[in-house]
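Along the sequence shown, the residues carry numbers beginning at 1.
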Amino acid sequence: MAIPHAQPGQPIRLLPAGDAPGAEHTTALFKTSDLEVIRLVLRAGQSFPPHRVTGSITVQCLAGAIDFTVDDRYVALRAGELLYLAGGALHGLTGIEDATALVTIALHA
């Protein structure tokens with residue numbers, strides 16, 4: 001089954017209606033030949049192991065807090081903050097508290 005993506009001009013709800021992520025989940029919002037945008041929902045204590053993505057990445061924390069490992073250092077990202085990662089950077093993440101973030105990945109056609 002194909003993942004439904006947003007259509008051009010369609011509003012997308014990034015945060016849940018209440019204060020907590022609740023039933024919201026991580027989903028790819030849209031993908032083009034140049035760009036992928038993902039709503040990341042990360043529960044406190046939930047982790048993604050270190051990995052690399054070819055293109056440049058931005059992560060904008062909309063709610064909560066996320067702990068990143070970037071190469072050999074740690075970075076805490078909190079609501080209202082943006083993190084830029086160069087393409088190929090080794091990174092992993094763990095929810096410090098329940099968090100929602102907007103992830104953009106530059107794709108190479």
Side-chain angles (χ1 to χ4, degrees):
M1 177 183 350
I3 297 172
H5 290 119
Q7 299 301 309
Q10 175 187 357
I12 301 169
R13 178 175 289 283
L14 297 176
L15 293 174
D19 292 333
E24 298 293 323
H25 58 278
T26 297
T27 186
L29 301 174
F30 70 87
K31 185 175 182 178
T32 68
S33 61
D34 301 320
L35 181 70
E36 183 171 14
V37 177
I38 300 163
R39 179 187 59 210
L40 174 68
V41 176
L42 195 62
R43 308 287 183 233
Q46 183 181 4
S47 295
F48 284 95
H51 59 282
R52 298 177 196 274
V53 176
T54 305
S56 298
I57 302 170
T58 63
V59 182
Q60 180 181 0
C61 188
L62 303 172
I66 303 169
D67 189 17
F68 277 84
T69 56
V70 181
D71 296 319
D72 292 330
R73 58 190 171 90
Y74 291 92
V75 177
L77 189 65
R78 302 204 176 274
E81 295 180 333
L82 176 84
L83 179 66
Y84 162 73
L85 301 174
L90 181 64
H91 63 284
L93 51 151
T94 301
I96 297 172
E97 52 191 58
D98 289 349
T100 302
L102 187 64
V103 179
T104 59
I105 304 170
L107 304 175
H108 300 286

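Side-chain N or O atoms of His51 include none that pairs as donor or acceptor with a backbone N or O of Gly92 at under 3.5 Å. In this structure, Thr100 contributes its side chain and Ala63 its backbone to no donor-acceptor pair below 3.5 Å. At distances below 3.5 Å, at least one donor-acceptor pair connects side-chain atoms of Asp98 with backbone N or O atoms of Ala44.
By the 4.5 Å heavy-atom criterion applied to side chains, His91 and Leu83 are not counted as neighbours. Side-chain atoms of Val41 and Thr26, non-hydrogen and from C-beta on, do get closer than 4.5 Å to each other. Taking 4.5 Å as the limit, some side-chain heavy atom of Leu102 sits within range of a side-chain heavy atom of Leu29.
Linking ILVMFWY side-chain heavy atoms closer than 4.5 Å, directly or via other members, places Leu107 and Val103 in a single hydrophobic cluster. Note on Ile96 and Ile66: separate hydrophobic clusters, where clusters join Ile, Leu, Val, Met, Phe, Trp and Tyr whose side-chain heavy atoms are under 4.5 Å apart, directly or indirectly.
Residues satisfying the side-chain contact (heavy atoms from CB on, under 4.5 Å) test with Thr104, not counting sequence neighbours, are Leu35, Val37, Thr58.
Of all heavy-atom pairs between Cys61 and Arg78, the closest is CB-O, 3.3 Å. The minimum heavy-atom distance linking Leu62 with Ala79 is given by the pair O-CB, 3.8 Å. Of all heavy-atom pairs between Pro50 and Leu90, the closest is CB-CD1, 3.8 Å. Smallest separation of non-hydrogen atoms from Leu93 and Leu40: CD1-CD2, 3.5 Å. Scanning all heavy atoms of the two residues, the minimum distance from Glu81 to Ala76 falls at OE1-O, 3.7 Å. Counting all heavy atoms, side chain and backbone alike, Ala101 lies closest to Val59 at CB-CG1, 3.9 Å.
The ring-ring contact (aromatic ring centres under 6.0 Å, His included) pairs that include a residue from residues 60-82 number zero, where partners must be two or more places apart or lie in different chains.
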